[in-house]
Amino acid sequence: MKKLIYSLLLCLPLVSMAQAIDRTKAPAPAKAPLIQVGNPVKYTLANGLQVFVVKNTKLPRVTASLALDLDGFAEGDKAGLADMAGQLLKRGTSTKSKAVLDEAVEYLGGSLSTSSQTATVSSLKNNFPQLMELMSEVVLHPAFSSDELEKVRKQTISGIESSKDNADAISNNVMKKLVYGANHAFGEITTEKTANSIKIEDVKKFFSTYWKPNIAYLVFVGDIEPLAAKALAEKNFGGWAKGVVPNTVFPKTVKPAQTYVAVVDRPASVQSVVAVATTVDLMQGAPNVISSNVMNNILGGGFSGRLFANLREKHGFTYGAYSSLSPNRQVGIFSAESSVRNEKTDSAVQEILREINIIRDEKVGDAELTRMKNYLSGGFARSLENPATIANFALNIARYKMPADYYQKYLANLSAVDAQKVQDAARSLLNPAQMHIVIVGNAKQIAKGLDKYGPVKFFDFDGNEVAAPTEAKTDASLTPEVLLEKVVTAVGGKNAIGAIKDLQLTGTASVMGQSLNMTQTIIAPGNLVSAMTMGGMALMKQSVVGGKYSVSQQGMEAPITDEIKEELDAAATLVPEQGYIAKGYKLKIAGAEKVDGKDAIDVELTTPLGKVSHRYYDATTYLLVKTSKSQEVPGRGTVTQQQFYKTYKEVNGVKLPTEELIDMGQIKINVKYTDIKANQGLKVEDLK
């Protein structure tokens, strides 16, 4: 009995406690904890080089990164110098050619990379000392070969040429130049002219001016003892002479007096790249950085951002819409960006500005704010699992003069962000009345109506203001029948076209960095085999031979529809314009537009099956320069494919394009035919 009484007495506090808990309500959140962020071991060499060591023995690997404490470089008419110099740094030393250096790194099972402000090596622990020696040799005794500079220049110019076909790259270049200003280091654009002006002496001067140990950090992360890391730093970089580095404080940027719209006309665009941007006075570690980051993530920091929910989920204008906020000691930047269908460009700008106004004028709700703070705190916690995070934290504290306990208090400061602080951040950083709105797209289709947001100005791909594009015009008396006759005559005439019995084109197709073999064989009348191969394997093949149709990708046959038959029949004809009228095609002069800066006649073509496409003929030469067709793709909406025809060459009296660009939006295929042969005596049997 006594034991029972004791048992009941022991239970009484538990019962009382259970009765006091209201399980219908979620428990109040606990106070945000102080995070115990590990501190790296720090040393400073006699020459001023600061060394940070973060020991982590989870893997027997070590990484060392050398970084300069600079924000950027003002390059003027030699824009691109820093990037090209950074690439050249790892292309050989005074005692090793690039090939020998690459082989040495590979032999050690390591990696070595360089940029304008960094050099990084990584390898297994046992090989790391030898790799550090190579890193030291690269930094302190670079070869700076003129031959290697020419290779870097060629790659740089090739990248510039490729970017001219990339609307996102154009938008980024123009936005930087307009937001920061042409005379600001952050607004400089590398062009073919500036890249060609860079000499090997410029590269040598760049490194002798900026690469000094007294403004550099050497960070070790991995399975290494701090004293061993210090010894490696002393051995490999202790003799590096310090020096005076020029001040890299850049001129203060000026915001526009009023919001304006900058249109970059790109007639080939089937969608517009829209960017709304402004500079911001925000430095890493500033009191309002955390609340500003919360604000930006709510606005457009991912799939849960308001911009994504509005432009994609609600209106279906785009696949995605996002915003970014980048603090900087010189000047930060905010931008909101999206790629939208041409006809929705005006509406997209309106909705982006609307969301910016809402986050300025209305406080965020508790649920939305809590969800975002939880997301950010989770990301912060996960980042601590990476030992490099500790090194980055220490670098930030050193570079930006942040409080030593900044990251220890991060979660507590994040927890303290409330709706008022988010609104204050939006109001202090984002002013819709002083924004740069940059749009890259088909001006003919998008410019109308944009003036409601401010003055509309036009710029070229390099961010230089130009006159508004003039509208291409066609001869009002030109009929489809007359145009077709001109096209056939321009190609070479009926007799020359009819004299070609077989034609074989061989070349390459470049797609997503891969170079593929491309062949196309036509045998009159109406036989075709077109194939794209790599290493002898057919990646894509389509044919019509003796009335039998086939389309395959990587050996898998596709079902043959009437539409595919119609397309293959047209492709198997050397000059399909000859037979349009007789075969029941309907043609209409739809207008004109610029193609590669030249007037082109837009012809709307409707096939006997009712499929509509557009063909564009040069208004002067009447040669085909572009085709365009749109179709509905499940889950993707309307997708437009464009094909451009360039560099015509005369073969047996007939002009044929030797270069084609197939533009499918995110995927582009560049085809170049290097060998074209006619009338080899090929037979239909040769295609089977």
Side-chain angles (χ1 to χ4, degrees), residues 79 159-182 184 186-194 256 258-279 317-318 321-322 324 333-350 352-353 435-472 592-600 626 628 640 642 644 661 663 665-666 668:
I160 293 170
E161 288 300 315
S162 296
S163 69
K164 292 178 180 179
D165 285 328
N166 188 319
D168 290 309
I170 296 168
S171 174
N172 185 58
N173 277 345
V174 174
M175 181 179 71
K176 286 194 309 180
K177 187 169 184 178
L178 298 183
V179 171
Y180 293 117
H184 195 284
F186 295 172
E188 293 176 342
I189 298 177
T190 303
T191 65
E192 186 174 346
K193 181 179 179 180
T194 64
Q258 68 174 114
T259 292
Y260 71 101
V261 181
V263 176
V264 182
D265 184 26
R266 187 171 181 268
S269 291
V270 296
Q271 61 182 11
S272 301
V273 176
V274 177
V276 178
T278 183
T279 54
F317 295 159
T318 178
Y322 310 95
S324 62
I333 187 171
F334 163 85
S335 66
E337 302 173 0
S338 185
S339 295
V340 302
R341 304 197 310 273
N342 281 345
E343 67 272 17
K344 297 300 181 182
T345 303
D346 182 359
S347 301
V349 173
Q350 177 177 296
I352 291 173
L353 293 176
M435 290 282 188
H436 305 263
I437 301 175
V438 179
I439 305 175
V440 179
N442 187 328
K444 176 182 176 181
Q445 299 178 15
I446 67 174
K448 186 177 180 180
L450 293 177
D451 55 357
K452 68 170 73 66
Y453 307 112
V456 178
K457 305 176 183 180
F458 293 87
F459 296 82
D460 62 18
F461 290 0
D462 292 327
N464 303 307
E465 189 168 0
V466 295
T470 57
E471 185 174 350
E593 71 170 48
K594 298 284 186 180
V595 177
D596 288 338
K598 297 180 180 180
D599 290 355
K626 171 185 167 183
S628 174
T640 300
Q642 301 180 113
F644 298 84
L661 169 63
D663 187 346
Q666 294 182 341
K668 295 179 175 60

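The shortest distance between side-chain heavy atoms of Lys457 and Val263 does not fall below 4.5 Å. Counting heavy atoms from C-beta outward, Leu178 and Tyr260 have side chains that approach closer than 4.5 Å. By the 4.5 Å heavy-atom criterion applied to side chains, Phe186 and Ile333 are not counted as neighbours. Side-chain contact between Ile437 and Leu353 is present, with heavy atoms from C-beta onward closer than 4.5 Å. Put simply, the side chain of Pro455 reaches to within 4.5 Å of the side chain of Gln258, judged on heavy atoms. Looking at Phe461 and Val440, their side chains never come closer than 4.5 Å, going by heavy atoms from C-beta outward. At least one side-chain heavy atom of Lys452 sits less than 4.5 Å from a side-chain heavy atom of Asp346.
Closest of all the heavy-atom pairs between Ala277 and Met175 is CB-SD, 3.7 Å. Between His436 and Pro256, the closest heavy-atom pair is NE2-CD, 3.3 Å. A pairwise comparison of heavy atoms in Val273 and Ala167 identifies CG2-CB, 3.7 Å as the closest pair. When every heavy atom of Asp460 is checked against every heavy atom of Val174, the shortest pair comes out as O-CG2, 3.8 Å. Ile352 and Val274 get closest at one heavy-atom pair: CD1-CG1, 4.1 Å. Between Ile189 and Ala79, the shortest heavy-atom contact is O-CB, 3.5 Å.
The main-chain N or O of Gly454 is never found under 3.5 Å from a side-chain atom of Asp451 such that the two would form a donor-acceptor pair.
Applying the side chain to side chain donor-acceptor pair (under 3.5 Å) test to Ser339 and every residue at least two apart in sequence or in another chain returns nothing. Taking the side chain to side chain donor-acceptor pair (under 3.5 Å) definition, one finds that Tyr322 meets it with nothing, sequence neighbours left out. In this structure Lys448 satisfies the side chain to side chain contact (heavy atoms under 4.5 Å, CB included) test with no other residue, sequence neighbours excluded. Taking the side chain to side chain donor-acceptor pair (under 3.5 Å) definition, one finds that Ser335 meets it with Ser324, Glu337, sequence neighbours left out. With sequence neighbours excluded, no residue satisfies side chain to side chain donor-acceptor pair (under 3.5 Å) with Glu465.
Note that CD of Glu343 is 11.5 Å distant from CG of Asn442, once rounded to the nearest 0.5 Å. In this structure, OG in Ser269 is found 7.5 Å from CD in Gln642, a value given to the nearest 0.5 Å. Between atom CD of residue Gln271 and atom CZ of residue Arg266 there is a gap of 9.5 Å, rounded to the nearest 0.5 Å. Here the CG atom belonging to Asn342 is positioned 4.5 Å from the OG atom belonging to Ser272, to the nearest 0.5 angstrom. To the nearest 0.5 Å, atoms CD1 (Ile439) and CZ (Phe458) are separated by 10.0 Å. Atom NZ of Lys626 sits about 4.0 Å away from atom CD of Glu593, to the nearest 0.5 Å.
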* Could you walk me through whether Ser347 and Phe317 pass the side chain to side chain contact (heavy atoms under 4.5 Å, CB included) check? -> CA-CA 8 Å; Ser347 301; Phe317 295 159; 3.6 Å; yes
* To do: Might you work through the side chain to side chain contact (heavy atoms under 4.5 Å, CB included) test for Glu188 and Thr194, ending with a clear yes or no?
  => CA-CA 10 Å; Glu188 293 176 342; Thr194 64; over 6 Å; no
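Under the side chain to side chain donor-acceptor pair (under 3.5 Å) criterion, the residue pairs touching residues 166-182 are Lys177-Asn464, with sequence neighbours excluded.
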